[in-house]
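Below, read A as the first sequence line, B as the second, and so on, with proteins coming before strands; counting in each chain starts at 1.
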Amino acid sequence: MDTGAAARAEGAGSRTTPRAGSRHGLDLLHVRVTDWFTEAARDLPWREQDCSAWGILVSEIMLQQTPVVRVLPVWREWLERWPTPSHLAAEPPGAAVRHWGRLGYPRRALRLHAAAVAITEEHGGEVPATHDDLLTLPGVGAYTAAAVAAFAFGRRETVVDTNIRRVHARLFTGTALPAPALTAAEMKRAASLLPDDAGLSVRWNAAVMELGAVICTARNPVCGHCPVADACAWVEAGRPAPEYVPKGQSWAGTDRQVRGAIVAVLRESDGAVPRVLLLEAPADLRMDPAAAVTARPGALGALHGLRAPAEQLDRALAGLLADGLAEEHDGGIRLPG
DNA sequence: GATCCGTGGAC
DNA sequence: TGTCCAAGGAT
């Protein structure tokens, strides 16, 4: 592994003992970052000492590709409504999708519901504590399994998310961004950086993640407030620009946009929405998106305002039905009951 | 490994 | 204004 940052940390912290890549340098890195975390960590409800493993699991799923500020109110509502996995498991999956609100990627709500059912039926209602058991739950991948095992159960896990990848890339490799996809070498490096002590490793994981979220951000990083800027290979190299341009996600005119608009209509509706009402806007409204939004209340107007081709509407709905995000009921379409 | 899957805020 | 990005997972 590249232990340059550990060496640099040591060189900056105790210039009289310049042992490159030493255990001492790594220890110093741990101390600096975790001390910063103690001082700067945001107060988040899922970090409270009395937060349940279920609360932490829910937070991790909600936080997949979704900013903290948008998760907060929905997380609070969920934990109040469904304080344990069994509470959620007792509801139809559509309830999870409905109360997911506008967090995005509603299939996560479906998977979280499925996870609650699995926890209730196969784990006695208790969130499993090991990485392997967590990994069997729907919607739980390598990152989430490690995060829950670490943050809910105090285990020593190699946690690697987008924040940690970016911090490591800058600190050790000197590049602005990590590789497009997670590599085995990154996982190996992250594992080698993990403190031996379980308690400290949990702290380290949380601290590096937080550093990436609030200091070592993708755009406009605040290196002036970074506890390890003087050990950072990227800073030392003069903060070079990214070597590649991340592939942007197209949105306008995509099936994803149409799927989102359809689910928004279903979420807004108590019962089944007639297929015709959902998919066929009156001809005059189809010609004028603004008129459609005005004439139809809420999400339905927004859907018709897209003026998506009938073929695309059919395809999007078929996809939602196949994914279990919608179902046919009484001649209409509704969230899965 | 490349694609698909939502949403809204920041610049 | 359009682009980029946010504690990924499944296929």
From C-beta outward on A:Gln64, which listed nucleotide comes closest to its side chain: B:dT7, C:dG9, C:dC5? C:dG9
Could you work out the separation of B:dG6 and C:dA6 based on their C1' atoms and round it to a whole Å? 12 Å
Considering only the C1' atoms, how many Å lie between B:dG1 and C:dG8, rounded to the nearest integer? 16 Å
Phosphate OP1/OP2 of B:dG6: any A:Arg108 side-chain N/O under 4.0 Å: no
Side-chain N or O of A:Arg166 less than 4.0 angstrom from OP1 or OP2 on C:dA6? yes
Is it the case that C:dG8 (base atoms only) and A:Thr162 (side chain only) share a donor and an acceptor within less than 3.5 Å, ignoring hydrogens and angles? no
Without swapping roles, check the side chain of A:Arg108 against the backbone of A:Ile61 for a donor-acceptor pair under 3.5 Å. yes
Are OP1 or OP2 of C:dG9 and a side-chain N or O of A:Thr144 less than 4.0 angstrom apart? yes
Mind checking A:Gln257 for me? I need base, sugar-phosphate or nothing, with any heavy atom below 4.0 Å counting as a touch. nothing
A:Glu186 versus A:His168, side-chain donor and acceptor atoms under 3.5 Å: no
Is A:Arg267 touching bases, backbone alone, or none of the nucleic acid, heavy atoms closer than 4.0 Å? sugar-phosphate
Taking any heavy-atom pair under 4.0 Å as a contact, classify A:Gly104: base, sugar-phosphate, or nothing. base
Pairwise P distance, C:dG9 and B:dG8 [rounded to whole Å]: 23 Å
Out of the candidates A:Glu268, A:Glu327, A:Glu328, only one should pair with A:Arg334 under the salt bridge (charged side-chain N to carboxylate O under 4.0 Å, His left out) rule; please name it. A:Glu327
From C:dG9, B:dC11, C:dA7, pick the nucleotide closest to the side chain of A:Asn220? B:dC11
Should the ring pair A:His30 and A:Trp204 be called parallel, tilted or perpendicular, given that the plane angle runs from 0 to 90° and is split at 30 and 60? perpendicular
Within the structure shown, what part of the strands sits under 4.0 Å from A:Trp46 by heavy-atom distance: base, sugar-phosphate, or nothing? base
